[in-house]
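Residues take their numbers from the sequence shown, with the count starting at 1. The analysis underlying the following values was restricted to heavy atoms, covering all of them including side chains, and did not include hydrogens, waters or symmetry mates.
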Amino acid sequence: KQGHADALVHLAEKVLKHATASGVKNPHLAEGTKHLKEAVVHGLAPHVDVATQHAEEAVTHLSGLK
């Protein structure tokens, strides 16, 4: 949350890679990956505040996986 867009993008890309490689079909995973993709796009812009919001939404959805 302190403006480190490069770190946010790097971590979001790593999580996105693992999430998509899992092959699991789950609404939480789908929503989480959608927000991770948006976090990367906005982090590269760099719109750090918006990227952070998307990253937080991704965490919320991905933590709902069982």
Sequence neighbours excluded, the answer for side-chain hydrogen bond (donor to acceptor under 3.5 Å, both in side chains) partners of Glu38 is His42
Could you list the donor-acceptor pairs under 3.5 angstrom formed by side chains in residues 8-21, with sequence neighbours left out?
| from | atom 1 | to | atom 2 | distance (Å) |
| --- | --- | --- | --- | --- |
| Thr20 | OG1 | Leu16 | O | 2.9 |
| Thr20 | OG1 | Lys17 | O | 3.2 |

Contacts of Thr60 meeting side-chain contact (heavy atoms from CB on, under 4.5 Å) (sequence neighbours excluded), chain-then-number -> none
Interatomic distance, CG@Leu36 vs CD@Glu57, rounded to 0.5 Å, equals 11.0 Å
Apart from Val41 itself, its cluster of hydrophobic side chains linked below 4.5 Å comprises none
On a heavy-atom basis, the closest approach of Gly43 and Ala5 is O-CB, 3.4 Å
Residues pairing under side chain to side chain donor-acceptor pair (under 3.5 Å) where one sits in residues 23-37, two or more places apart or in two chains, turn out to be Glu31-Lys34, Glu31-His35, His35-His54
Any side-chain heavy-atom pair of Leu65 and Val24 under 4.5 Å: no
